[in-house]
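Order of the sequence lines fixes the chain letters, A, B, ..., with proteins taken first and strands second; residue numbering starts at 1 for each chain. Any value given below was found using the heavy atoms of this structure, including those in side chains, with hydrogens, waters and symmetry copies removed.
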Amino acid sequence: MSAPVRVRFAPSPTGSLHVGGARTALYNWLLARRHGGAFILRIEDTDAERNKPELTRQILDAMTWLGLSWDEGPFLQSDRAPLYREVADRLLNEGKAYRAFETPEELEAQKLAAEAAGAAFRYSGKGRDIPREESDRRAAAGEKFVLRLRMPDEPIVVDDVVQGRTEFPAGALDDFVLVRSDGHPLYHFCVCVDDVDMRITHVVRGVDHLANTPKHVALFRALGAEPPVFAHLGMILGADGKKLSKRHGAAGAEEFRAQGILPEALFNFLALLGWSPGDDKERMTKEEMIALFSLERLGPSPSRFDHEKLSWLNGQYLADTPNERLLELLGEFPLPGVGNEVLLSAIALHKSRAKTLVELASGLALYGADPSTFEEAAERKLGGPEAAARLLAIAQDFEALPEFSHASLEAAARAYAEKAGIGLGKIAQPIRLAVTGSAASPPLFEVMELLGKETSLRRIRAFADRQPKPE
RNA sequence: GCCCCCAUCGUCUAGCGGCCUAGGACGUCGCCCUUUCACGGCGAAAAUCAGGGGUUCGAAUCCCCUUGGGGGUACCA
């Protein structure tokens, strides 16, 4: 394997980068980066029906977001029709492929007949025996035909790096269609032609393609090319073990983005779904993954998508990400209308408490408008006339402070608590509720310092005000 | 139907014949830290290695069967 590594990711334009596809792309990317090779992006849009540039755009955006940069492409199969036609002609001339003139109706009838007889349908291979002259004549006369590959009579071995060696007996596959009767080249054909043309050395993709791989091997041979190294990945399933889809909450990279998942976290999480570096490493930078990656360490079995673990990982990344970058990332979510300086400090206070950017953004809301609602259970417990009196009293103490810093606020609160013969929590909790609307927040006095004297005292007094009066 | 793949704690996984009385991580449950909530630290519960046969002095690791999941079988990708 001295040839430079060349791999590709070849999604069809569905408009969403499914996490299964994202992980496939990621492993291809890792392999290319590991070996200093090339990562090629190719769009499989031979199915003209659903092929809109917009859908491709979304996939590219998601890849860019995830940090999966490609070196060549994106190539569109729809742009490569002349190449497919040329290769199809060559295969026909070399006798490796042949014209078959059955109509879809005839094929359908044969299929039904086979089914009725309890046998599996397989194309008869009838077209194989049509002499070339006759074939040319009928084609010239305008008779409809498809181009089929002449499958070899010997068994086909697929030696997969991940799934192991599999032998498909001779005759297990029939002569499949390369080019439709309307001249459109079909998926299997385009894939192989492109892989040869692009000098792809390793094909890393989902197991759903494994059963089709012998077709590809036969095609590579017919094309006079050595098949690439194959690595078929297990599927990614939802938490219920079913195929992962939108009904599991999210299935596309862009949906995770909208949920406030960091691209680095999703990258790391996806990498671990089917790959293990061997030691007990969990959190890794891209550079570490590149250094450690190898196809041999990919696992063959399907895995479930554990959103809980993603959430944890995301929280880890959130806590470690510099505030400035977080502020940038937060741009996609609603933020209170305060200055960046306040936001940056607030982010520092809140980031270890949030699992997603969405959570972080909503935590930041308290630096905007005064709270209009208060946690009901907390207010029942922490409110009341006595609490109101204390709040008013301590507000006075705070008011008198020479400087409104968290240190002096804390000192004042401690002094108050001691004088009143209560624990610090007894006075801090009502203040917290008054200031943030919630019984849980970052360190109270730091929050107050950030909020400033005026806002903090206004909130404390307003909260005291809404408490029932004595008698 | 036929062909193919997969199978270790609830989940992601380590393990590639003896180091396994099966290791790590998420989640769960305790305790500690603490003005609350997180973070962090410590600890616990959690896998008869799907079941059954072999092979071997020795099997989670190799082979076969069964069961359960998944995929393929298109003039879809």
Side-chain angles (χ1 to χ4, degrees), chain A residues 10-14 44-47 49-50 77 100 102-104 107-108 111 114-115 118-122 144-148 158 160 162-164 166-169 172-174 176-184 186-188 190-191 206-215 232 234-235 237 239 241-243 269 272-283 296-297 299-313 315-316 319 350-355 363 378 382 410 413-414 417 423-429 431-433 436 438-445:
Chain A
S12 48
T14 55
E44 317 246 284
D45 59 351
T46 48
D47 186 5
E49 261 109 80
R50 39 164 189 191
Q77 287 187 328
E102 288 82 0
T103 64
L107 255 17
E108 190 56 35
K111 207 167 287 182
E115 216 166 282
F121 170 76
R122 189 160 297 144
K144 291 281 191 199
F145 63 88
V146 297
L147 195 69
R148 286 181 183 269
V158 175
D160 190 279
V162 177
Q163 302 289 339
T166 313
E167 188 170 313
F168 295 80
L173 283 347
D174 59 2
F176 64 99
V177 176
L178 265 23
V179 180
R180 274 197 323 210
S181 56
D182 63 3
H184 264 97
L186 255 20
Y187 170 74
H188 296 302
C190 295
V191 165
V207 257
D208 46 331
H209 291 284
L210 182 60
N212 283 322
T213 304
K215 291 181 181 177
H232 286 95
M235 301 263 92
L237 276 17
K242 298 268 166 47
K243 210 166 193 168
F269 176 77
L272 257 18
L273 229 49
W275 174 70
S276 159
D279 53 18
D280 293 325
K281 245 180 157 49
E282 295 272 340
R283 288 182 57 197
E296 287 69 32
R297 296 208 57 87
S301 40
S303 44
R304 299 182 188 214
F305 194 98
D306 182 4
H307 206 290
E308 291 290 328
K309 186 159 183 176
L310 204 214
S311 191
W312 165 77
L313 236 199
Q316 297 283 308
H350 286 258
K351 65 179 179 181
S352 73
R353 263 157 274 257
K355 296 284 190 214
L382 302 170
E410 180 170 348
R414 283 190 189 281
L424 182 56
K426 271 274 186 286
I427 185 65
Q429 280 305 87
I431 302 175
R432 189 190 314 280
L433 183 61
T436 70
S438 162
S441 82
L444 174 61
F445 305 115

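- Among the protein residues, Leu272(A) comes within range of the sugar-phosphate backbone only, with heavy atoms under 4.0 Å from sugar or phosphate atoms but none that close to a base.
- The base-pairing partner of rU61(B), taking Watson-Crick or G-U wobble contacts with both distances under 3.5 Å, does not exist among the strands shown.
- Contact annotation for Pro443(A): base contact, defined as any heavy-atom pair under 4.0 Å involving a base atom.
- With sequence neighbours excluded, the residues forming a side chain to side chain donor-acceptor pair (under 3.5 Å) with His350(A) are Tyr367(A), listed by chain and number.
- The side chain of Ser303(A) places an N or O atom within less than 4.0 Å of a non-bridging phosphate oxygen (OP1 or OP2) of rU13(B).
- Residues passing the ring pair (Phe, Tyr, Trp, His ring centres under 6.0 Å) test with Phe269(A) are Phe305(A), sequence neighbours excluded.
- As judged by a 4.0 angstrom heavy-atom cut-off over every strand, Arg432(A) is placed among the base-contacting residues.
- Backbone-only engagement by Arg297(A) is indicated by non-hydrogen atom pairs under 4.0 Å involving sugar-phosphate atoms exclusively.
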Kindly give the atom pairs (protein nitrogen or oxygen, nucleotide nitrogen or oxygen) under 3.5 Å for nucleotides 22-25 of chain B.
unit_1	atom_1	unit_2	atom_2	d
rG24(B)	O4'	Asp280(A)	OD2	3.4
rG24(B)	N2	Glu282(A)	OE2	3.2
rA25(B)	O4'	Glu282(A)	OE2	3.3
rA25(B)	N3	Lys309(A)	NZ	3.4

What nitrogen or oxygen pairs link the protein and nucleotides 72-75 of chain B at under 3.5 Å?
unit_1	atom_1	unit_2	atom_2	d
rC75(B)	O2	Ser181(A)	N	3.1
rC75(B)	O2	Ser181(A)	OG	2.8
rC75(B)	N3	Ser181(A)	OG	3.0
rC75(B)	N4	Glu102(A)	O	2.9
rC75(B)	N4	Pro104(A)	N	3.3

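- Residue contacts shown for Ala172(A) are absent, as no nucleic acid heavy atom lies under 4.0 Å away.
- With no hydrogens or angles considered, a side-chain donor-acceptor pair links His232(A) and Thr213(A) at under 3.5 Å.
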Distances under 3.5 Å only, N/O to N/O: pair up the protein atoms with those of nucleotides 43-45 of chain B.
none

Protein-to-nucleotide contact annotation, 5' to 3' order, nucleotides 60-65 of chain B [B base; S sugar-phosphate only; - none; under 4.0 Å, heavy atom]: ------
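- For Arg353(A) against rC39(B), no side-chain N or O and base N or O form a donor-acceptor pair under 3.5 Å.
- Look at rC19(B): it lacks any Watson-Crick or wobble partner with both distances under 3.5 angstrom.
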